[in-house]
Amino acid sequence: MGALNFLWDTAKKTFTAGLITLTVSDRYASIAPIRGLSMHPTFNPNKSTFMGLPVDDRVLIEKFCLEKYKVSHGDVIVFRSPINYKEKHIKRVIALPGDWIQIPNSYDTIRIPDGHCWVEGDNSASTLDSRSFGPIPLGLLQGRATHIVWPPRRVGKVEQKMPEGRLRPY
């Protein structure tokens, strides 16, 4: 009878901890791996390996910004792809609703519509971003990357930066 009570207590505690973890990761914060080179050199600056396996950066994604879509120029955000909802991308916010932006390698200037933002990867040679699919709806946002939490030698705050001369004062 004692073993049965122990198993029941362990199962209840495990279930409760699982529910709490799920709630926290869904509403407040989570950890996400960064794969690929689209945000190089901000993330994965040198593809190192551990025992022959690649070591990707892992970042803390805070979700408080989702309330009223509180993002700023230069923030690094995670969002669902407007092309394939199953994919998540991580890119830097370049322009917000109402901003005028100069399209790179073009003479075009566009105004970002309400409820959208313009995102770009830091590595323009290897990225799928707003230059490919246009402004993204703010409703696709999943959170904002605030800190690198893995690997230990790279732990620190994610820098908020903007490319020069991209926004136009129209």
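All values below were derived from every heavy atom in this structure, side-chain atoms included, with hydrogens, water molecules and symmetry-related copies excluded. The first residue of the sequence shown is numbered 1, and numbering continues consecutively from there.
Between Phe79 and Phe133, the ring-plane angle classifies as perpendicular under the 30° and 60° cut-offs.
In terms of modelled atom types and a separation under 3.5 Å, the side chain of Ser132 and the main chain of Leu128 share no donor-acceptor contact. Using modelled atom types, no side-chain atom of Asp108 and backbone atom of Ile103 make a donor-acceptor pair closer than 3.5 Å. Side-chain N or O atoms of Gln142 include none that pairs as donor or acceptor with a backbone N or O of Arg80 at under 3.5 Å. Of the possible donor and acceptor atoms, one in the side chain of Asp99 sits under 3.5 Å from a partner among the backbone N and O of Leu96. Not a single donor-acceptor pair under 3.5 Å links the side chain of Asp9 to the backbone N or O of Phe6. Side chain of Ser130 to main chain of Trp118: no donor-acceptor pair is present (N/O by atom type, distance under 3.5 Å, no hydrogens or angles).
Note that the CD1 atom of Ile112 and the CD1 atom of Ile136 stand 10.5 Å from one another [nearest 0.5 Å]. To the nearest 0.5 Å, atom CZ of residue Arg92 and atom NE2 of residue His73 are 13.0 Å apart. To the nearest 0.5 Å, the span separating CG on Asp57 from CG on Asn44 amounts to 4.5 Å. Note that OG of Ser30 is 12.0 Å distant from CZ of Arg58, once rounded to the nearest 0.5 Å.
Residues Val76 and Ile94 fall into different hydrophobic clusters, defined by Ile, Leu, Val, Met, Phe, Trp and Tyr side chains chained together at heavy-atom separations under 4.5 Å.
Partners of Asp114 according to the salt bridge (charged side-chain N to carboxylate O under 4.0 Å, His left out) rule, which considers only residues two or more places apart in sequence or in another chain, do not exist here. Qualifying side-chain contact (heavy atoms from CB on, under 4.5 Å) partners for Glu62, counting only residues two or more places apart in sequence or in other chains: Phe64, Cys65, Arg144, Thr146. In this structure Ser38 satisfies the side-chain hydrogen bond (donor to acceptor under 3.5 Å, both in side chains) test together with Lys91, sequence neighbours excluded.
Nearest heavy-atom pair across Leu138 and Tyr69 is O-CE2, 3.2 Å. When all heavy atoms of Leu141 and Cys117 are compared, the pair lying nearest together is CD1-SG, 4.5 Å. Shown here for Met39 and Gly121, the closest heavy-atom pair between the two residues is SD-CA, 3.7 Å. The two residues Arg154 and Thr42 have their closest heavy-atom pair at NH2-O, 2.8 Å. Across Arg131 and Ser124, no two heavy atoms sit closer than the pair NH1-CB, 3.3 Å. When all heavy atoms of Ile34 and Asp56 are compared, the closest pair comes out as O-CB, 3.2 Å.
Residues Ile90 and Val78 have side chains in contact (heavy-atom distance under 4.5 Å, counting atoms from C-beta outward). Two residues are said to be in side-chain contact when any heavy atoms from C-beta on lie closer than 4.5 Å; Pro113 and Pro135 meet this criterion. The shortest distance between side-chain heavy atoms of Thr127 and Asp129 falls below 4.5 Å.
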- Task: Kindly indicate, with the supporting measurements, whether the criterion side-chain contact (heavy atoms from CB on, under 4.5 Å) is fulfilled by Ser81 and Lys88.
- Result: CA-CA 6 Å; Ser81 169; Lys88 288 184 181 178; over 6 Å; no

- Verdict with supporting geometry, His147 and Lys157, side-chain contact (heavy atoms from CB on, under 4.5 Å): CA-CA 4 Å; His147 292 81; Lys157 193 167 176 19; 4.0 Å; yes

- Task: Could you please spell out the steps behind the side-chain contact (heavy atoms from CB on, under 4.5 Å) verdict for Val71 and Ile77?
- Result: CA-CA 8 Å; Val71 293; Ile77 61 167; 4.0 Å; yes

- Taking it one step at a time, do Trp100 and Ile110 satisfy side-chain contact (heavy atoms from CB on, under 4.5 Å)? CA-CA 5 Å; Trp100 289 88; Ile110 65 166; 5.8 Å; no

